[in-house]
Structure formats: C-alpha cells, structure tokens
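In what follows, a structure is listed as structure tokens, so that the remarks can point back to it.
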Amino acid sequence: MALMEILASHLVPTRIMFRIKPMQDLGPRSFGGKQQVGVTDAGYWVGSLGQFPIADRDQILDWRGIIASLEGMAGDLMVGPFDDLRAPTFGAFPPVVTGIPHSDGATFSDGSGYSQSTIRITLAGALPRRATSAVLTIHQAGALQRGMYFSVYEGLRPSLHIITKPPEIDGNHATIQFRPPLRFAVESGATVDFATPKALMNLASADEGALDLDMGRWARPSLELVESWSGV
C-alpha cells in the first residue's frame, strides 16, 4: 500500500461533497433521442473539500506537511465525509465524546484526552469482498436510515459505504443494503463505524492542495479527491 496520511482534526473544510461515481457505459442514441445505459454495482468515491480555514501557525505547518508527504497523486489520505450531524446518535450524546482523561484524571501533555464513540454497532456475520448487504447488531445507536455513511476496517485501512435502502429492523438487528461493494472481506463481530467513517482517497491531480497564503498568514485551500485504487 502507498504511504497513508490522516487529515489533522483541526483541518476542517467549510464546503463538503462526497459521492459515488458510478461505473457505466452509454450506448448509441436512437433517432427518438433515447440512449441505453449499462451500469454495474461498482463505483468509486469522489470528494470535494472546499475552503479550509487555514488561519494559524499549526494549521499552516500541518497542511504543508500533509500535502508534501502525499507526493502528488501517489499517497493515500484517510479522510471522511464530515457527516457527524447525520450519524445515528444515541440519545443526547454526540457521535464521539472527547477529552476523556486517564484513570488518574490527568490528560495528555497538550491538554487533550482520549476519544470514544457513543455509537456501538457490529457485524452479525462475516462478509466477503464485494458484498453489498449486511446484517448489523445494534448495541447502542439511534435509528439507522438510508443515506447514512459507515466504514469497516482491515487493520487501519477503511472501506467507506452508504446505506441505499431503508434498513429492515428485527429487534437489535438491522439488514442493510449499501454501495459501493465492500473493498475487502470482514470478519463477524467487526466494528461498523457510523461515528467517524473514513475513506482512503488520493489527490485528483498533482496540483491539489496548493497553499496560497494571504499576507503570509492565512488561506482558504481546497482539495479534489478520488478514491484510492489500492485494492478496489
């Protein structure tokens, strides 16, 4: 796998677009103007993250370092669709609780603490590579709905998906249909991440991420992304 970078938590865009670009072929157009469209169940993620507010020293340095380490379109960037407002939250809790101290009440040297998801969902059975449906066990979560994002993981590598049909609920189990096809096999009992879903993405061009500093102090860069083809 290519070098993988994780977007720093203090780098957050103000404009966000994530969608699946379908794999399809178009037939010739008839005299009546109609055109046959052939579509597979495949597809890949594309994303547009716009207008990152870069306004302090640490943001400038992290942005420079991350973009440089990606080496243009070669490196993988782990980034999510920034969709926590539509996660299946549990009660009044946010998707992730932050600032959790050590057992003695202390935090890390920078003042931060541990983070923990308040949404707990696992796979009720193993899934093969290229699966497009799953049965989930809901341990703690709000209602699942189509249009929600989630990820499963192979080690640190995420596979991002979106629920495409209303889930079928039976007690604490939910049967879901999703796209795109699963990028790798996943074992039964694996965590399904609805709180902070992520994908592996590449820069859409070698020129992405240019940091044009105004007065040498702030900027509003953007990123165009395509899903990494590592294992797709």
Side-chain angles (χ1 to χ4, degrees), residues 1-7 18-24 39-47 76-84 86-91 93-97 114-202 225-232:
M1 184 187 297
L3 172 69
M4 182 176 70
E5 275 286 350
I6 299 174
L7 191 68
F18 259 71
R19 72 178 182 91
I20 300 171
K21 188 169 184 178
M23 304 287 283
Q24 58 186 29
V39 182
T40 72
D41 68 349
Y44 60 94
W45 290 101
V46 295
D76 292 335
L77 179 66
M78 186 188 292
V79 61
F82 295 93
D83 203 53
D84 58 313
R86 283 153 291 275
T89 51
F90 177 72
F93 294 104
V96 177
V97 174
Y114 294 100
S115 297
Q116 181 175 322
S117 174
T118 61
I119 301 170
R120 294 179 52 238
I121 298 175
T122 59
L123 285 178
L127 295 180
R129 183 175 182 270
R130 293 196 56 75
T132 55
S133 65
V135 178
L136 310 180
T137 301
I138 303 171
H139 305 278
Q140 180 174 288
L144 299 184
Q145 295 179 252
R146 66 176 174 181
M148 287 180 172
Y149 296 112
F150 69 90
S151 288
V152 290
Y153 292 82
E154 181 184 56
L156 296 177
R157 177 187 170 208
S159 184
L160 177 67
H161 305 278
I162 185 171
I163 300 176
T164 56
K165 304 291 183 183
E168 299 176 10
I169 307 299
D170 183 10
N172 70 331
H173 288 94
T175 301
I176 61 169
Q177 308 293 321
F178 60 85
R179 290 291 187 274
L182 194 62
R183 302 317 194 196
F184 42 75
V186 185
E187 295 181 354
S188 178
T191 295
V192 183
D193 182 7
F194 278 86
T196 57
K198 297 287 190 295
L200 276 190
M201 308 291 284
N202 298 137
L225 304 168
V226 295
E227 185 177 0
S228 168
W229 287 102
S230 178
V232 173

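From R86, atom CZ reaches atom CZ of F194 across 14.5 Å, with rounding to the nearest 0.5 Å. The CG atom of L160 sits 8.0 Å away from the CE atom of M201 when rounded to the nearest 0.5 Å. Considering CG of N202 and OG of S228, their distance stands at 4.5 Å, rounded to 0.5 Å. Rounding to the nearest 0.5 Å places CE of M4 at 10.0 Å from CG of L77. Taken from CD1 in I121 to CG in L144, the straight-line distance is 4.5 Å, to the nearest 0.5 Å. From T175, atom OG1 reaches atom CG of L136 across 8.0 Å, with rounding to the nearest 0.5 Å.
For T137, the side chain to side chain donor-acceptor pair (under 3.5 Å) criterion is met by H173, not counting sequence neighbours. Remark: T122 pairs with H139 by the side chain to side chain donor-acceptor pair (under 3.5 Å) rule, at least two apart or across chains. Scanning for side chain to side chain contact (heavy atoms under 4.5 Å, CB included) contacts around K21 gives R19, Y44, V46, with sequence neighbours left out. Under the side chain to side chain contact (heavy atoms under 4.5 Å, CB included) criterion, T164 pairs with I162, Q177, R179, not counting sequence neighbours. With sequence neighbours excluded, no residue forms a side chain to side chain contact (heavy atoms under 4.5 Å, CB included) with A185. Considering only residues two or more places apart in sequence or on other chains, F90 meets the side chain to side chain contact (heavy atoms under 4.5 Å, CB included) condition with F93, Q140.
Annotation: side chain of I119 is in contact with side chain of P88 (closest heavy-atom distance under 4.5 Å).
In this structure, I138 and A174 approach most closely via the heavy-atom pair CD1-CB, 3.9 Å. Looking at every heavy atom in both residues, S133 comes nearest to L127 through O-CD2, 3.5 Å. Closest non-hydrogen pair, L182 versus S159, comes out as CD1-OG, 4.0 Å. Shown here for R183 and G43, the closest heavy-atom pair between the two residues is NH2-O, 2.8 Å. Of all the heavy atoms in T89 and P94, the pair that sits closest is CG2-C, 4.3 Å. Of all non-hydrogen atoms in P95 and A195, the two that sit nearest each other are O-CB, 3.7 Å.
Using modelled atom types, no side-chain atom of W45 and backbone atom of A199 make a donor-acceptor pair closer than 3.5 Å. In this structure a side-chain-to-backbone donor-acceptor pair under 3.5 Å is missing from R120 to T118.
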Distance-only donor-acceptor hits, side chain of residues 145-153, under 3.5 Å, sequence neighbours excluded:
| from | atom 1 | to | atom 2 | distance (Å) |
| --- | --- | --- | --- | --- |
| Y149 | OH | F18 | O | 3.4 |
| S151 | OG | K198 | N | 2.8 |
| S151 | OG | K198 | O | 2.7 |
| Y153 | OH | D193 | OD2 | 3.3 |

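In I169, the CD1 atom is crowded: over 12 heavy atoms of neighbouring residues, nucleotides or ligands sit closer than 6.0 Å.
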